[in-house]
A.B. asks: 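Just dropping this structure here.
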Amino acid sequence: MGTGYLNRRERENVVSTLVATLHIDNLIESSSRIQNLFGTTGMANLKRGRTFILKALHEGLSKSLSQQENERIHRIAQTCDATVIERAGRQKNKNEKKVTVSESLFNDLAELAIGTQCRDCTKECWKECRVFEVLQVADIPAANINTGDCPYRQ
């Protein structure tokens with residue numbers, strides 16, 4: 001057993017890698033539809049990839065770290081979840097702050113925004129509407145999808 005330790009950023013990256021292996025497990029054990037989409041070779045590659053990641057962490061990193069640091073990483077990994085944030089099409093703002101909001105509150109906020117801003121809306125350039133842009137970035141599902149009009153208009 002080694003005597004090394006990880007700084008905060010390194011520890012977060014290692015924990016993220018461990019959490020990713022849990023997500024790979026969930027994907028492997030998911031529906032038969034996913035298994036069919038990946039096919040036999042794809043599923044075998046996923047399993048192999050997970051094995052190699054865990055092997056690298058166990059045989060490489062964990063032998064270099066102290067027992068206390070290894071236990072700390074595993075304890076943190078057991079209480080973490082990974083969140084995917086789509087960044088496509090968005091400029092990253094260094095000063096942007098993140099806030100954690102429960103899903104029900106988030107949905108309530110979206111409903112209130114649509115109810116106050118989109119009811120009786122007459123904008124013709126709805127694709128340039130700030131409310132439309134925010135709702136799209138936030139991935140808020142729309143009620144009127146195939147109308148050729150703003151999907152949030154009420």
A.B. asks: Apply side chain to side chain contact (heavy atoms under 4.5 Å, CB included) to residues Leu46 and Met43 and explain how you reach the verdict.
C.D. replies: CA-CA 5 Å; Leu46 273 174; Met43 291 303 287; 4.1 Å; yes

A.B. asks: Side-chain donor-acceptor pair under 3.5 Å between Arg48 and Asn45, yes or no?
C.D. replies: yes

A.B. asks: Which distance, rounded to the nearest 0.5 Å, do you find between the CG of Leu18 and the CG of Leu57?
C.D. replies: 5.0 Å

A.B. asks: Using 0.5 Å steps for rounding, measure from the OG atom of Ser30 to the CZ atom of Phe38.
C.D. replies: 8.0 Å

A.B. asks: Side chain to side chain donor-acceptor pair (under 3.5 Å) with Tyr152: which of Arg119, Gln117, Gln136?
C.D. replies: Gln136

A.B. asks: Is it true that, when you exclude His58 itself, more than 12 heavy atoms of the residues, nucleotides or ligands shown sit nearer than 6.0 Å to its NE2?
C.D. replies: no

A.B. asks: At what distance, to the nearest 0.5 angstrom, does CZ of Arg50 lie from CG of Leu22?
C.D. replies: 8.0 Å

A.B. asks: Measure the CD-OG distance between Glu69 and Ser62 for me, rounded to the nearest 0.5 Å.
C.D. replies: 11.5 Å

A.B. asks: State whether Lys63 and Glu59 are salt-bridged, where the test is any N-O pair (Lys NZ or Arg NE/NH1/NH2 against Asp/Glu carboxylate O) under 4.0 Å.
C.D. replies: no

A.B. asks: Taking all atoms of both residues into account, what is the closest heavy-atom pair of Arg11 and Arg72, and its distance?
C.D. replies: NH2-NH1, 3.1 Å

A.B. asks: For the residue pair Pro151 and Phe132, establish whether any side-chain heavy-atom pair is separated by less than 4.5 Å.
C.D. replies: yes

A.B. asks: About how many Å separate CG of Leu6 and OG of Ser64, when rounded to the nearest 0.5 Å?
C.D. replies: 9.5 Å

A.B. asks: Heavy-atom count around Glu12 CD within 6.0 Å, excluding the residue itself: above 12?
C.D. replies: yes

A.B. asks: Would Glu10 and Val14 count as a side chain to side chain contact (heavy atoms under 4.5 Å, CB included) here? Give the steps.
C.D. replies: CA-CA 6 Å; Glu10 293 166 337; Val14 170; 5.6 Å; no

A.B. asks: For Val15 versus Ala77, what's the shortest heavy-atom pair and its separation?
C.D. replies: CG1-CA, 3.9 Å

A.B. asks: Determine, using the 4.5 Å side-chain heavy-atom cutoff (strictly less than), whether Phe106 and Val134 are members of one ILVMFWY cluster.
C.D. replies: no

A.B. asks: Looking at every non-hydrogen atom in both residues, tell me the closest pair between Ala110 and Ile140 and how far apart they are.
C.D. replies: CB-CD1, 3.7 Å

A.B. asks: Check whether Phe52 and Val19 end up in the same hydrophobic cluster, where Ile, Leu, Val, Met, Phe, Trp and Tyr are linked by side-chain heavy atoms less than 4.5 Å apart.
C.D. replies: no

A.B. asks: Is Lys123 salt-bridged to Glu128, going by a charged N under 4.0 Å from an acidic O?
C.D. replies: no

A.B. asks: Hey, what do you get for CD (Glu29) to CD1 (Ile24), rounding to the nearest 0.5 Å?
C.D. replies: 12.0 Å

A.B. asks: Find out whether His74 and Glu71 are in side-chain contact, i.e. whether some heavy atom of one side chain is under 4.5 Å from a heavy atom of the other.
C.D. replies: no

A.B. asks: Without swapping roles, check the side chain of Gln154 against the backbone of Asp120 for a donor-acceptor pair under 3.5 Å.
C.D. replies: no

